[in-house]
Number of protein chains: 2
Amino acid sequence: MGITKSEIFTDAQNELATIAKVIGHPARVAILQYLFEKNSCVCGDLVNEIGLAQPTISQHLRELKNVGLIKGDIEGTRVCYCIDSDKWLEVQNLLMHFFNRNPADNSCC
Amino acid sequence: MGITKSEIFTDAQNELATIAKVIGHPARVAILQYLFEKNSCVCGDLVNEIGLAQPTISQHLRELKNVGLIKGDIEGTRVCYCIDSDKWLEVQNLLMHFFNRNPADNSCC
DNA sequence: TTGTTATATCGCAATATTACGATTAATTGA
DNA sequence: TCAATTAATCGTAATATTGCGATATAACAA
């Protein structure tokens with residue numbers, strides 16, 4: 001049905017999935033990378049850098065902002081975006097916990 | 001249009017996004033967690049453990065298998081699934097590289 | 001062979017996502 | 001004030017995802 005049954009999963013499972021889902025688009029990966037390189041950027045930069053239309057970039061920025069990975073500051077007619085350090089470290093931690101376990105060697109297959 | 005313009009992004013960006021997208025569903029997170037706990041499982045286990053129908057679980061298993069995170073071995077009428085260690089470590093590395101950078105403090109906002 | 005069990009696949013309905021043109025809103029500069 | 005600039009929002013089309021009932025497939029057990 002296109003709708004995820006979030007209610008049958010734990011908060012932790014839903015949280016990890018939500019974060020991963022946002023990172024699950026190359027445009028948003030590219031935006032995060034660009035933000036790290038430049039340490040700040042405006043929507044217009046990204047429209048030039050990435051080959052997507054302005055409304056599309058704006059939409060992706062909103063999704064990144066919704067999960068808290070980036071924040072934006074209005075500067076006149078432009079909006080300055082940057083990584084939210086606190087959230088970034090939180091996500092770093094979340095992913096660490098999930099991925100930093102080593103799979104057993106004695107796997108069945 | 002619902003279709004991602006993968007061709008305008010780098011291979012690395014697309015790869016990270018593809019992996020993240022697969023992890024971007026709580027059922028698949030739950031499956032991976034269960035696999036780590038039990039070190040092996042069959043589809044039926046998951047149908048009982050998670051509250052989703054068998055065809056739905058099967059579909060999620062296929063997606064995890066498609067990106068290589070898990071593999072399945074046929075054992076009679078059952079299929080034994082487990083984490084693919086090599087791929088897991090590869091993904092671990094990929095995510096490390098992306099997330100293990102610390103955001104600058106002198107952010108604009 | 002026949003029934004049982006376990007999983008995959010098909011087909012569908014409901015919803016979500018992606019992308020963008022057109023428009024709006026807000027600020028700056030002349 | 002008026003035009004220009006920048007970004008958000010609206011509306012929409014195309015496609016993808018999620019979930020499941022029904023069915024198919026495959027292996028085993030009797």
Side-chain angles (χ1 to χ4, degrees), chain A residues 1-9 13-14 17-31 35 40-67 70-82 108-109, chain B residues 1-9 13-14 17-31 35 40-67 70-82 108-109:
Chain A
M1 312 168 172
I3 190 167
T4 297
K5 284 192 163 181
S6 317
E7 67 279 6
I8 67 174
F9 302 103
Q13 286 164 345
N14 282 314
T18 301
I19 289 289
K21 197 173 186 179
V22 169
I23 302 163
H25 193 289
R28 295 191 288 265
V29 170
I31 288 172
L35 268 174
S40 134
C41 76
V42 294
C43 181
D45 289 353
L46 295 165
V47 175
N48 291 328
E49 185 71 13
I50 306 175
L52 292 172
Q54 182 268 322
T56 308
I57 296 288
S58 187
Q59 201 172 310
H60 285 305
L61 285 167
R62 188 175 47 193
E63 284 179 71
L64 286 167
K65 215 164 59 177
N66 281 345
V67 297
I70 67 173
K71 47 188 176 175
D73 237 20
I74 299 173
E75 283 191 352
T77 57
R78 340 179 88 201
V79 177
C80 167
Y81 283 102
C82 60
C108 63
C109 17
Chain B
M1 312 166 175
I3 190 169
T4 298
K5 286 191 163 181
S6 317
E7 67 279 6
I8 67 174
F9 302 103
Q13 286 164 345
N14 282 316
T18 301
I19 290 289
K21 197 174 186 179
V22 169
I23 302 164
H25 192 290
R28 295 190 289 265
V29 170
I31 289 173
L35 268 174
S40 136
C41 77
V42 295
C43 180
D45 290 354
L46 295 164
V47 174
N48 292 328
E49 185 72 13
I50 305 174
L52 292 172
Q54 181 268 322
T56 309
I57 297 288
S58 187
Q59 199 172 310
H60 284 306
L61 286 168
R62 187 175 51 195
E63 284 178 71
L64 287 167
K65 215 164 59 177
N66 280 346
V67 298
I70 67 174
K71 47 187 176 177
D73 236 21
I74 299 174
E75 283 191 351
T77 58
R78 339 180 87 199
V79 177
C80 166
Y81 284 101
C82 60
C108 64
C109 16

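Just so we're clear, the structure is a prediction, and the values are computed from it rather than from any experiment.
Note: CG (D73(A)) to P (dA7(D)) measures 13 Å, nearest angstrom. What separates CG of L46(A) from P of dA19(C) is a distance of 14 Å, to the nearest Å. Summarising the geometry, the separation between CD1 on I74(A) and C1' on dT5(D) is reported as 15 Å, rounded to the nearest angstrom. For L64(A) and dA8(D), the CG to C1' distance is 16 Å, given to the nearest whole Å. Between E75(B) atom CD and dA26(D) atom P the separation is 18 Å, expressed in whole Å. As a whole-Å value, the separation of K5(A) NZ from dA14(C) C1' is 13 Å. At whole-Å resolution of the value, NE2 in H25(B) and C1' in dA16(D) are 13 Å apart. One can place NZ of K21(A) at 14 Å from P of dT15(C), the figure rounded to the nearest angstrom.
The side chain of T56(B) contributes no N or O atom lying less than 4.0 Å from OP1 or OP2 of dG19(D). Residue Y81(B) places no side-chain N or O under 4.0 Å from the OP1 or OP2 atom of dA6(C). Within the 4.0 Å cut-off from OP1 or OP2 of dT7(C), not a single side-chain nitrogen or oxygen of R62(B) is found. Taking 4.0 angstrom as the limit, H60(B) places none of its side-chain polar atoms (N or O) nearer than this to OP1 or OP2 of dT17(D).
Using cut-offs of 30° and 60° for the angle between ring planes, the H25(A) and F9(B) rings count as perpendicular.
Each of T77(B) and L61(A) was assigned the nucleotide of DNA chain D with the nearest heavy atom; the assignment lying further toward the 5' end belongs to L61(A). Mapping D45(B) and R28(A) onto DNA chain C via the closest heavy atom, the residue that lands nearer the 5' end is D45(B). Mapped onto DNA chain D by nearest heavy atom, I3(A) and Q54(A) fall at different nucleotides, with Q54(A) at the one closer to the 5' end.
When the nucleotides dA8(D), dC20(D), dT7(C) are ranked by their closest atom to the side chain of P55(B), dC20(D) comes out on top.
Note that the CD atom of Q13(A) and the CZ atom of R28(B) stand 13.0 Å from one another [nearest 0.5 Å]. For the atom pair CD1 of I31(A) and CG of L46(A), the computed distance is 5.5 Å after rounding to the nearest 0.5 Å.
Note on S58(B): a base of the nucleic acid sits closer than 4.0 angstrom, heavy atoms only. Contacts of L52(B) with the nucleic acid, taken as non-hydrogen atoms under 4.0 Å apart, involve only primed sugar atoms and P, OP1 or OP2.
In this model, no side-chain donor or acceptor of Q59(A) finds a partner on the base of dC10(D) within 3.5 Å.
Without hydrogens or angle criteria, T18(B) side chain to N14(B) main chain gives a donor-acceptor distance under 3.5 Å.
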### Step-by-step side chain to side chain contact (heavy atoms under 4.5 Å, CB included) determination, I50(B) to H60(B)
CA-CA 12 Å; I50(B) 305 174; H60(B) 284 306; over 6 Å; no
